Amino acid sequence: MARHRRELLHHFRLRLALAFGLLGLVFLVVIGRLFYLQIIRGAYYRERSRRLILSHERIRSHRGTLLSREGLPLAQDRPSFDLALLLGRIRGARRIVRRLRRALAPPRWMVRRYVRTGPPAVKFLANGETAVTFRYRALFIDPYHRNQDVKQAGERAFRLPAEYRQAVRPAVERLGLSFRGAMEGVGGHFIAIARGRESLNSPCILRQALPLKLAMEVEVRNEAYPHFVVIPSARRAYPRGRLAAHTIGRMAKLLPQEYESHKASYAGSERKRYRMNEIIGRQGLEKQYNVELRGLWGEEILERDAGHHRYSTLDLVRPVPGADVQLTLHASLQRLVEDAFSRSVGACVILDPSNGDVLALLSRPGYDPNHFSADYPKLRSDPERPLFHRAISGAYPPGSVFKLVTALAALRYGLDPETTYLHCSGSLRVGRRSFGCHSAHGSSNLRRAIQRSCNCFFYQAGLRYAGGRGILEVASWLRLGHPTGIDLPAEKVPPLPELVGTGDPVNWSIGQGAIQVTPLQMAQVVGAIATGGAIYRPRLLKRVVWPGRAGPGAAPRPQRTVQLRIPPAHLKAIQAGMYRVVNAPGGTARRAWRGWRRSFKVAGKTGTAQRTTARGVDNVGWFVGYAPFDAPRLVFVVVVERLTTREAGGGTAAPIARRILEAMPEDLLRTPAAASPIARAGTD
Amino acid sequence: MAVKGYFRRFDWFTFSIAGALVVVGLLSVASASSSGGGLRVLIPTGTLKKQLVWVFLGALALILLTSFHYRQVLRSAYGLYIVGIILLAVVLVVGRGPGGVRRWIVFGPLRFQPSELVKLIVIITLAKYMSENKDYLRLRGLVTPFLLTLLPVLLIARQPDLGTAFVFLPVLFGMLYLGGARVKHLGLILLMGILSLPALWFVMHDYQKQRVITYFYAGQASRHAQLSNRYQREQAATAIGSGGATGRGLGRGLHRFLPARNTDFIFAVIAQEWGFLGCLVVLGLYALFFFSCGAIAERTREPGGRLLVVGITALVGAQAAINTAMTVGLLPIVGLTLPFISYGGSSLLASFLGLALVLNVSMRHPIVFASERYEMARTMDRMDHT
């Protein structure tokens, strides 16, 4: 009973005391740990928090290589060094950013009455200060502000501390950079920080691709280069220079508005998302296959010391390298084409008609993507438009090359391939107008008319048999007026002319008037004739080679756009005509092709079109065709522009095509073609 | 109750201690979310304004909950319990949260975390059950309190929110222990629990293990989040250590890189800005709060009220202990707030409601119609049994 009484008295109180004892023990351990961290190790942590900068950085992934058909690199990432200045250690850097942010925000009175017409303009004054100008337009037209730009100029936003300028100046000059340019770079970086596009801890890059010698100098003699750091980076290099520059494309920084729209629309993996200031593919294949080439960003949370040196890594997510993209483009054939063109302005397409593989694609004049940014001002203002991809987007009058289309249209509407003879007396009167031919060819059937490129024959074929409607109909079947769908981002094709009344069949039938085509479209037309009516979507992608995956990736299946049903007799006549253009006496390309020694035969068609541009009247010379004649493996289109009005396609474009085909690697011709039996029509 | 009587009976002492903790919390939230130091901290940021709104709401709830007798709360305990379970089930379906966890119910701008309220509801339910059924003094009788606790624990662990789920265990054990359950029984259960974990693990098939893992980790902890734990620890240690003995001063901490600095890791901000001495003060305030609660429990003879106070004290104590131990790097990182101090509406509201219950018990001295003291009743019970 006594035991129970004791328990009775102390039961709750005892248990409460024991429970509090346990809680107190935990608190004591916590206090002990606090004592250790704050009192014993306090100095260490204080120093560490003062000395080390924590930063959350992204790690660029290795961008994949663009490979030619043979496996040669056409565009690749090369390790390089960037020279950068550190801004975080500038005295009062945060204050500068705060002031700048205030200066960049428009004043309130302005917001109420004006609308912004552009980002504020930033100008660097000679004394190292910065002036910010706001561009605003009056919202309401009132008598005082007649809808003019209002500029609030001369806002002196910030000035870098003199000691920083003095410390940096000798080093900048020793590196051969302009001090003013460097300070402008720093100012621009500060403005990017104020706009929230960069962080204060991110180094301001002054020069990319620093020569190795200078990089080592800065690294080794670190004390002579205060605030400078060398950052390992990668540079996109184009080892073959100008080769296929338009097709390969180029890289550029993501624009702020692109970033915003991408951010708003994107719903995929965070690591695939575009980042601020990222360098992305801007044109050509670099843009088309940007997603595959790019890989995934890595991320790292790390500590750096005052000299931007890595101190410790707290968290790391490795980047995933991008895939290599192998192209159908044959680098040595492309080289051949570029050499054959020498200084001519124009374009060339060579493709495999049995699957759409583009083997060579040239646009002249070109540029060297390795020096793009330096050359850009000159390239942009050049009247020859060297940045324009003529092979896929250049709209040219086709001239006599279009007679192939007229021929197919006339055959469809009753012209007999063998027995219809039409007379040429040197010109043709239609109503009150006279249309000329380059000589009086007498009476010809279709193959002879193609061989001699007789205008009168095709005037009559177009007028009597096809009509304007028929020509446009067949042209549309041959995909003229439609994009080819090549895997390049900037294809732009001219529309076919509108049919008004009966149209203008006379001019259209010889490829003049409102008819315009791109070289790539013309290659499709020739491909259809060579293979018996099949048109494949042109493609530059051979396969995507993912890193870490065994074996080459699967090649995409060829995509057939259309399969026309052309009667074999019609095809045979046109093919025979094209054969004779090159090989028979009196053919329009006969002179250029004389003395041909290679084992295979070529079929072709010349063309010359007059065009009127802003710079006056010039001639466009064409030579299109396919080879080998009996088993077509490739289709070629050569366009030369800026000819005088006396020059013709047979004398300009045909010799270029011959130079290309003469040196053509044998292996491109030998592989068995998936050609239809019709394509092997006899040589008559 | 007349207003005058209300004020006279109000437990101003306990209330002031909790109020002091709330003020500490407001200052820390202000400085953790502000950009300047010194007095600039007092310029209200969005975070601080929100927290002030919640303090106001919490105070209103406190007045409301102390204005009627706590027995009425106990009376509706089972109804509350069902509502709580339904809320937890609903949050598993429609809940939102960072990284795929389902933790909050979102109504427009309002975000509400049911698990914070369920903590209190479970305490109320246990107090009600244990004040009316004395069979927990036997081993078999412990089954019901355990089941009552485990159901919400499993639902919360599914969200997944292991920290909150875990905190129910010290509450349950604390209430059973102070309610008079036999140490032998509690020890046995604890031992069995500890032993069965690895044993269970060994007899389970691989796919079952996988299921258990995915049960608790469903959607949680992307690789990045797991990796970030080390980062967070380092950051917290640097922040705490750099505070030294007297701290950097209000708003002068460098905690820009400290994740969850307003919520789970607010103690690191306090440690950095107020130093070791400041930490002692804060922990001292907590200790005072516990003692004050202990005194209330001790002088309350009515078992329901006493168990209510005991449960809430255990909850606040466990959360404070786990949170501070986690912040200083003694425990793995789990998502638990520091009561009265951390930013966050649901957490603060729950703290206020808990405080209101304690004050409510403290204000009322119900007449117990048993002639014996509460311990006596229980002892008699036990004697009958033996």
Side-chain angles (χ1 to χ4, degrees), chain A residues 1 4-5 7-20 22-56 94 98 199 201 270-271 299-303 312-318, chain B residues 35 174 177-180 183 223-224 227-235 237-245 247-248 254 256-257 267 271-272 275-276 279-280 283 286-287 290-291 294 297-298 306 310 313-314 317-318 320-322 324-325 327-330 373-376 378-379 382-383:
Chain A
M1 203 57 200
H4 279 134
R5 177 153 309 178
E7 202 174 319
L8 178 145
L9 280 172
H10 297 290
H11 197 91
F12 183 77
R13 231 179 265 174
L14 182 71
R15 287 195 170 195
L16 194 64
L18 282 175
F20 276 170
L22 184 70
L23 195 58
L25 205 64
V26 177
F27 271 44
L28 274 183
V29 173
V30 168
I31 289 170
R33 173 78 178 168
L34 282 170
F35 186 79
Y36 171 76
L37 287 175
Q38 300 193 293
I39 309 294
I40 298 175
R41 302 266 286 163
Y44 162 77
Y45 280 117
R46 185 168 280 256
E47 173 65 12
R48 182 187 166 108
S49 78
R50 196 182 62 78
R51 195 165 48 87
L52 296 177
I53 300 165
L54 244 147
S55 69
H56 186 166
R94 279 182 203 287
R98 259 204 309 278
S199 88
N201 290 329
E270 195 57 22
R271 288 167 70 202
E299 274 175 301
E300 188 174 15
I301 297 174
L302 73 165
E303 288 174 305
S312 74
T313 296
L314 298 172
D315 186 3
L316 173 69
V317 179
R318 286 185 194 288
Chain B
S35 53
Y177 179 64
L178 287 168
V183 179
R223 199 177 111 73
H224 194 183
L227 280 168
S228 293
N229 276 352
R230 196 187 148 211
Y231 166 67
Q232 194 153 352
R233 298 192 87 105
E234 294 262 340
Q235 276 316 101
T238 310
I240 294 167
S242 67
R248 288 167 173 274
L254 297 171
R256 214 155 44 86
F257 283 101
F267 192 62
Q272 188 183 24
F276 184 63
C279 289
L280 285 185
L283 293 180
Y286 272 115
F290 301 145
F291 282 128
E298 219 249 319
R306 173 180 276 184
V310 164
T313 314
I322 293 172
T324 49
T327 309
V328 298
L330 292 171
R373 288 159 56 172
Y374 168 53
E375 288 100 334
M376 180 71 91
R378 198 175 49 234
T379 323
R382 227 167 82 186
M383 278 153 64

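The shown structure was predicted, so the numbers you read here are calculated from the model rather than taken from an experiment. Order of the sequence lines fixes the chain letters, A, B, ..., with proteins taken first and strands second; residue numbering starts at 1 for each chain.
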> What's the spacing between Leu178(B) CG and Phe20(A) CZ if we round to 0.5 Å?
Replying inline: 8.0 Å
> Nearest 0.5 Å, what's the CG-CZ distance between Leu280(B) and Phe27(A)?
Replying inline: 11.5 Å
Go through the atoms of [X] and report whether side chain, backbone, both or neither lie under 4.5 Å from a heavy atom of chain A.
| X | answer |
| --- | --- |
| Ile322(B) | neither |
| Thr313(B) | side chain |
| Val310(B) | side chain |

> Do Tyr286(B) and Leu23(A) come within less than 4.5 Å of each other through their side chains, counting heavy atoms only?
Replying inline: no
>> A side-chain contact here means heavy atoms from C-beta on lying under 4.5 Å apart; do Tyr177(B) and Leu22(A) qualify?
In response: no
> Who among Gly247(B), Ala297(B), Ala287(B) has the most heavy-atom pairs with chain A under 4.5 Å?
Replying inline: Ala297(B)
>> Using a 4.5 angstrom heavy-atom cutoff, name the option from Gly174(B), Ala320(B), Ala321(B) with the most pairs to chain A.
In response: Ala321(B)
>> Within a 6.0 Å radius of atom CZ on Phe291(B), are there more than 12 heavy atoms belonging to other residues, nucleotides or ligands?
In response: no
> Which atom pair, heavy atoms only, marks the closest approach of Val328(B) to Leu37(A)?
Replying inline: O-CD1, 4.0 Å
>> Please give me the minimum heavy-atom distance between Phe276(B) and Gln38(A), naming the atom from each residue.
In response: CA-OE1, 3.0 Å
>> Once side-chain hydrogen bond (donor to acceptor under 3.5 Å, both in side chains) is applied, do any residues pair with Arg33(A), and if so which ones, sequence neighbours excluded?
In response: none
Under a 4.5 Å heavy-atom cut-off, does chain B meet the side chain of [X], its backbone, both or neither?
| X | result |
| --- | --- |
| Phe35(A) | both |
| Ile39(A) | side chain |
| Val26(A) | side chain |

> Quick one: of Leu16(A), Val29(A), Leu34(A), Leu18(A), who has the most non-hydrogen atom pairs under 4.5 Å with chain B?
Replying inline: Leu34(A)
